[in-house]
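All of these numbers come straight from a predicted model, not from anything done at the bench.
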Amino acid sequence: MDKKKLVRIFDKQANQYDRRTESLAQGRWRQQLLRHARGNVLELAVGAGANFPYYPPGVQITAIDFSPAMLDKAKRRAEHLHVNAEFVCADMEEADFAEHSFDAVISTLSFCSYRQPLELLRKIRRWCKPEGEILLLEHGISSSLFVSVLQKTLDPLFYRAYGCHQTRNIRQLAEQAGLDVIAAEGYWMDMVQLLRAKPGLQP
């Protein structure tokens, strides 16, 4: 899909994201993951700022999204919650930072949309400090054969409508990118994955 069209899809969804009431499970997963965030944090595809209520005190967040409408919502939420954040409107796949810039790199429900998720994981591996952590809450392919077949069948429709793939295997991608997964939990027949990873040895 053309990237400009993808941005338009997410711009249109900004109000929906801002008003969305998440399930108790989703809030618990965010809290469980983000309590490990420390120091200088990079958040990929910040959306409407759904993670902001769950960050520990004292973090400094660089929040990136390619959707201006999403960033507007995120800025308002950050002000309301007194979150220390700097906002950058940019395509995450084209962004670049110096090596070892961040104590933590966060992505929640964003790797379904990238054209080259493996390459982006390799980039964030470089951006994260060796002693830092990469924290991922992502959805993707189920471990259930029946469900995974259904996901593969519906994937083209979901991508055209929402800019979101249903069939990515985030743990497999993380390991292929050279991340050292130190903790992993799967939910909903493994369609939801919580991963904590270290950058690992640089190639």
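Using bins of under 30°, 30° to 60° and over 60° for the plane-to-plane angle, the ring pair Phe52/Phe87 lands in the perpendicular bin.
With respect to Asp103 and Arg38, no salt bridge is recorded, no charged nitrogen being found less than 4.0 Å from a carboxylate O. Salt bridge annotation for Glu175-Arg171: present, with a cationic side-chain nitrogen under 4.0 angstrom from a carboxylate oxygen. A salt bridge links Glu133 with Arg196: at least one charged nitrogen is closer than 4.0 Å to a carboxylate oxygen.
For NE2 of His36, the number of neighbouring non-hydrogen atoms (other residues, nucleotides, ligands) closer than 6.0 Å is greater than 12. A 6.0 Å sphere centred on CG of Leu157 holds more than 12 heavy atoms belonging to other residues, nucleotides or ligands.
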(request) Apply side chain to side chain contact (heavy atoms under 4.5 Å, CB included) to the pair Leu194 and Tyr187, showing each step before the final yes or no. (result) CA-CA 8 Å; Leu194 271 69; Tyr187 300 92; 3.9 Å; yes
(message) The test is side chain to side chain contact (heavy atoms under 4.5 Å, CB included); show your working for Met191 and Gln151 and say whether it passes.
(response) CA-CA 10 Å; Met191 287 188 290; Gln151 286 176 297; 3.6 Å; yes
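In this model, a donor atom of one side chain and an acceptor atom of the other lie less than 3.5 Å apart for Asn84 and Gln60. Looking only at atom types and distance, the side chain of Tyr55 has no donor-acceptor partner in the side chain of Gln31 under 3.5 Å away. For the 3.5 Å distance criterion, the side chains of Gln32 and Glu185 qualify, holding a donor opposite an acceptor. In the model, Tyr114 has no side-chain atom that pairs as donor or acceptor with a side-chain atom of Gln116 under 3.5 Å. When only modelled atom types and interatomic distance are considered, Ser107 and Glu138 share a side-chain donor-acceptor pair under 3.5 Å.
In this structure, the ring of Trp127 has its center no less than 6.0 angstrom from the ring center of Phe102.
Arg125 places a side-chain N or O within donor-acceptor distance of the main-chain N or O of Pro199, the cut-off being under 3.5 Å. Distance alone, capped at 3.5 Å, places no donor-acceptor pair between the Asp190 side chain and the Ser142 backbone.
Annotation: the span from Leu137 atom CG to Ile106 atom CD1 amounts to 10.5 Å, rounded to 0.5 Å. Going from atom CH2 of Trp188 over to atom OG of Ser143 covers 14.0 Å, rounded to the nearest 0.5 Å. Glu93 contributes atom CD, which lies 10.0 Å from atom CG of Leu44 (distance to the nearest 0.5 angstrom).
At a threshold of 4.5 Å between side-chain heavy atoms, the hydrophobic network of Ile, Leu, Val, Met, Phe, Trp and Tyr places Leu42 and Val59 in two separate groups.
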